[in-house]
Amino acid sequence: MFSPLDLSFNHDNTMKWTHTLIPTLKEDPNDAEVDSHKLMVRSGMIRRLSAGVYSYLPLGIKVLNKVNAIIREEMNAAGSVEILLPALQSLSIFELSGRISVFGNDLLCMTDRHGKEIALSPTHEEVITDLIKNELGSYKNMPLILYQIQTKFRDEARPRFGVLRSREFLMKDAYSFDVDADGLNTSYQTMYDTYCRILSRCQLDYIVVEADTGAMGGDVSHEFMVPNLNGEDVIAKCTKCDYAANLEKAVAADIEPEDEAITEERKEVSTPNICTIHEVSSFLGIEPRRMVKTLFYSYQKSHIAVLVRGDHEVNEAKLAKQLSQDTIELADEKTVTTLTNAPVGFAGPIGLNIHIIADRAVVNMKNCVVGGNKADTHLMNVNFERDFTVDQIADIRFAVEGDKCPKCNHLLSISRGIEIGHVFKLGTRYSKTLGAKYLNKTGKELPIVMGSYGIGINRIIAATIERSHDKDGIVWPMPLAPYEVLVVPVNIKDRSFMAVATKIYDDLCEEGVEVLLDDRDQRPGFKFKDADLIGIPIRITVGKSYKERGELEIKVRSSNEISFSSPVNIVPEVKTRIQSLQ
RNA sequence: CGGGGCGUAGCGCAGCUUGGUUUAGCGCGCCUGCCUUGGGAGCAGGAGGUCGGAGGUUCGAAUCCUCUCGCCCCGACCA
């Protein structure tokens, strides 16, 4: 045994299990739902402090640092420059950008001893803009891309899935500064390409989708998604071409007008207590797609009627954009009753005296069913233009399975994904509100044109595990693995085993290989289970084959491929394998 | 924020319905010894608990009631 002070055996890139803290668990933690969360806890990478707040243990920080290193290399290679901004911000800076209301309760605020309101930063657009407005006075200083790796704080309404949605998380955020839109386009493309390289080096499968800009503002935005059933984002992707978008943003190709004669007269039917689309549909024996859903939204004290097909859902983000509003909300029951002269459930477009906005699909429907604006009444054989008109036609719904691609008209598929990265063309949103201006060649004062680029580092790790694990544990891709090699002497009391194991450990260390030695006094089965759980890519076993033939066993975690090597050849052998797994 | 569920040893759980023979239990882990060494062994002994917290009902509360804190799930919300 070695005393805790005897660290002579530990080098920068090596570690003995008994000298570190890798508290593995045989059973799943009871508060974990998704595989990545369970495995991160079981493998001893993280422990929960409180909801959405996690400590990283040695194995966890090792992986975190691997991701950080890849990000730094690629960001630096792309010509961006690292900085570090404070996590503590004054609230007044958010007042200037007008984002206090945008973040709402997600913003973690507190009052300092002077009574000043301060916040833990959820993101850094304001801080960076405030910083550079004093430093980038001239076009000569641009283009410039600055980045940092920083902890962000968001008081999430509902943290979940372990590190996938937490209240405190690590983010690499970058900001570009250009003199004009062309410059921004170049910077944006550079970051876009850099993100592709970063994720490829992490060996993550990802797709890039068009995204809504949400709370960030700006116009163009892309998200980097890792396809996964547990993802919180929904993606619409063309089955043929490269079109892919977040469902918030996704557009479906216009639906063909129904080819049906308008002959029947409109007819009133009694639908006692039959309110929902589903109820009316089964009561009348008519598919939901033949019905029009009439909803009411409120904003700025005014109300509006919204029409979508019965089997479609209103996309409030699109609707708000159409109405040039930041927020809109579904009208309350009282409003609906007043506007329709009927209980909720019988609203229709005919005879309404307010602004009506219809989804594009609605105006192509023929002989449909609508509410009668009268209790217990619906109308059949209703037709756009003949029976009602609208004030505005727009795309205001979510795309659904069965919709066609807006680019090539082939089928769209709907799936889920984990948002790993998000890039935005901010334009002058922040430079204007915070006053970040520069002088151009002719001495004219102009707002700096900005972009913002974020990557969730914890999410890269969790998403990697989601994509790469089996029933026994994590299967680390070589670039992110906490150690490249695990050396397992099956019995530490066997002197010859330990002698060889420590020799290999030292030799690999000399060669710069990252290696962990399982020097615990445990039975082989126990160690193998842990080895599979923590998922080190290459396992070298000193055991049976060594005793019998003087050979070491090399096992590759990802392929389960087993090979043997003599002690003298082990180092080059292992290095070759590491190479091939990079 | 709405709905549901759960807090009992480091971890995973039983006990609660019907209050008292339970000195609060089981599995894993932990400590000591023996034994064992290629897929989470075995035997023996042992440590570890304000039953989340506060108040109440009662002769008596892990168990019943009230409040409170924490955690998880569904929804709403969300770079």
Side-chain angles (χ1 to χ4, degrees), chain A residues 21 23-34 37-38 41-42 44 47-53 99 102-107 121-126 150 152-162 164-167 169-175 211-218 221-224 230 232-234 246 248 316-317 327 329-330 419-424 426 452-456 458-459 471-473 488-494 497-498 518 520-534 539 541-548 552-553 555 560 562:
Chain A
L21 180 64
T24 57
L25 261 28
K26 201 195 290 198
E27 288 172 287
D28 284 337
N30 93 118
D31 58 355
E33 195 72 10
V34 299
H37 185 192
K38 289 176 185 170
V41 175
R42 284 191 55 206
R47 286 293 183 267
R48 185 178 63 74
L49 178 61
S50 62
V53 181
R99 283 214 294 178
V102 175
F103 280 110
N105 289 331
D106 279 9
L107 200 58
S121 61
T123 173
H124 281 81
E125 279 75 18
E126 284 83 358
Q150 241 280 27
K152 307 286 190 217
F153 300 87
R154 290 187 196 166
D155 196 0
E156 292 285 348
R158 196 178 148 204
R160 67 185 120 176
F161 301 150
L164 274 175
R165 174 164 295 264
S166 51
R167 295 197 297 172
F169 58 97
L170 251 198
M171 176 155 127
K172 189 288 305 170
D173 49 326
Y175 306 90
D212 190 64
T213 49
M216 303 297 291
S221 157
H222 288 91
E223 285 170 325
F224 290 74
N230 293 320
E232 294 189 82
D233 286 273
V234 184
N246 190 306
E248 291 275 305
E316 295 185 1
T327 54
E329 59 176 5
L330 214 54
E419 179 192 353
I420 294 293
H422 203 157
V423 293
F424 302 84
L426 297 175
S452 161
Y453 317 90
I455 285 190
N458 320 263
R459 281 186 178 179
K471 66 173 178 27
D472 296 313
V488 182
V490 297
N491 179 0
I492 66 160
K493 286 177 183 145
D494 184 314
F497 285 179
M498 273 312 272
D518 189 350
R520 293 175 301 171
D521 184 11
Q522 291 287 356
R523 294 164 56 85
F526 188 96
K527 293 189 177 190
F528 292 151
K529 286 289 183 190
D530 264 357
D532 289 343
L533 179 60
I534 69 172
R539 187 184 88 192
T541 308
V542 185
K544 198 165 56 187
S545 61
Y546 181 71
K547 181 165 276 177
E548 289 167 0
L552 303 164
E553 175 190 299
K555 183 174 177 186
N560 282 327
I562 291 174

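Lettering of chains follows the sequences in order, A, B, ..., and the numbering in each one begins at 1.
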Measure the shortest side-chain to side-chain distance between A:T123 and A:F103 over non-hydrogen atoms and say whether it is less than 4.5 angstrom.
yes

Where is the tightest heavy-atom contact between A:V490 and A:F528, given as atom of each residue plus distance?
CG1-CZ, 3.9 Å

Under the side-chain contact (heavy atoms from CB on, under 4.5 Å) rule, what do A:M498 and A:D494 come out as? Steps first, then yes or no, please.
CA-CA 6 Å; A:M498 273 312 272; A:D494 184 314; over 6 Å; no

Round to the nearest Å and state the distance from A:N491 atom CG to B:G39 atom C1'.
15 Å

Kindly say whether, by distance alone, the side chain of A:K555 makes a donor-acceptor pair under 3.5 Å with the base of B:G39?
yes

G-U wobble or Watson-Crick pairing nucleotide for B:C26 (cut-off 3.5 Å, both distances):
B:G12

Expressed in angstrom and rounded to an integer, what is the separation of A:L533 atom CG from B:G39 atom P?
18 Å

Using the C1' atoms only, state how far B:C6 lies from B:G15, rounded to an integer number of Å.
16 Å

Is there a Watson-Crick or G-U wobble partner for B:G7 with both distances under 3.5 Å, and which nucleotide is it?
B:C69

Any idea which of B:C78, B:G40, B:U36 is nearest the A:R42 side chain?
B:G40

Contact class for A:D28 (heavy atom, under 4.0 Å): base, sugar-phosphate, or nothing?
sugar-phosphate

Kindly indicate whether the side chain of A:P29, heavy atoms from C-beta on, has any atom under 4.5 Å from the side chain of A:R48.
no

What nucleic acid atoms does A:R167 come within less than 4.0 Å of, heavy atoms only: base, sugar-phosphate, or nothing?
nothing

May I have the distance from A:K38 (atom NZ) to B:G12 (atom P), rounded to whole angstrom?
13 Å

Work out how far the C1' atom of B:C34 is from that of B:C16, and round it to whole angstrom.
41 Å

Extract from the structure each pairing of a protein N or O with an N or O of nucleotides 27-32 of chain B at less than 3.5 Å, listing the distance.
residue, atom, partner, partner atom, Å
B:G27, N2, A:E27, OE1, 3.1

Without swapping roles, check the side chain of A:K172 against the backbone of A:G456 for a donor-acceptor pair under 3.5 Å.
no

Between A:R520 and A:E232, the residue closer to the 5' end of RNA chain B by nearest nucleotide is A:R520

Please measure how far the P atom in B:C74 lies from the corresponding atom in B:C28, and state the result in whole Å.
32 Å

Residues that A:Q522 engages under side chain to side chain donor-acceptor pair (under 3.5 Å), provided they are two or more places apart
none

Sticking with atom P, work out how far B:U18 lies from B:C65, rounded to a whole angstrom.
10 Å

Can you tell me the base-pairing partner of B:U21? Count Watson-Crick or G-U wobble geometry only, both distances below 3.5 Å, and say none if there is no partner.
none

Does a distance-only test, which skips hydrogens and angles, find a donor-acceptor pair under 3.5 Å between the side chain of A:D530 and the base of B:G40?
yes

Close N/O contacts between protein and nucleotides 72-76 of chain B (under 3.5 Å):
residue, atom, partner, partner atom, Å
B:C74, OP2, A:R158, NH1, 3.3
B:C74, OP2, A:R158, NH2, 2.0

If I pick the C1' atom on B:G20 and the same atom on B:A76, what distance separates them, to the nearest angstrom?
47 Å

Just by distance, with hydrogens left out, do A:R539 and A:T541 show a side-chain donor and acceptor under 3.5 Å apart?
yes

Between B:C1 (C1') and A:E156 (CD): distance, integer Å
15 Å

Give a yes or no on whether a salt bridge exists between A:E156 and A:R165, defined as a side-chain N under 4.0 angstrom from a carboxylate O.
yes

Separation of A:F528 atom CZ from B:G39 atom P, in whole Å?
8 Å

Counting the atoms with a prime plus P, OP1 and OP2 as sugar-phosphate, which does A:K493 contact under 4.0 Å by heavy atoms, base, sugar-phosphate, or nothing?
base

By the Watson-Crick or G-U definition, both distances under 3.5 Å, B:G75 is matched with B:C1

Report the distance from atom CG of A:L330 to atom C1' of B:C77, rounded to the nearest whole Å.
15 Å

Once you apply the 3.5 Å cut-off to both distances, tell me the Watson-Crick or G-U wobble partner of B:C43, or none.
B:G33

Determine the interatomic distance between P on B:G60 and the same-named atom on B:C43; round to the nearest Å.
44 Å

d(CG, A:D155; P, B:C1) in whole Å
11 Å

Between B:A9 and B:G4, how far is it from one P atom to the other, in whole Å?
27 Å

C1'-based separation of B:G7 from B:A62 [nearest Å]:
12 Å

Side-chain donor-acceptor pair under 3.5 Å between A:S545 and A:E553, yes or no?
no

Run A:E126 and A:S121 through side-chain contact (heavy atoms from CB on, under 4.5 Å) and show every step you take.
CA-CA 10 Å; A:E126 284 83 358; A:S121 61; over 6 Å; no

Could you tell me if the side chain of A:E248 sits less than 4.5 Å from the side chain of A:V234, heavy atoms only?
no

Indicate, with a heavy-atom threshold strictly under 4.0 Å, whether A:Y453 touches base, sugar-phosphate, or nothing.
nothing

Starting from P on B:G39, measure out to CZ on A:R523 and report it in whole angstrom.
8 Å

Determine whether the aromatic ring centres of residues A:F224 and A:H222 are separated by less than 6.0 angstrom.
no

Position toward the 5' end of RNA chain B (nearest nucleotide), A:P524 or A:G421
A:P524

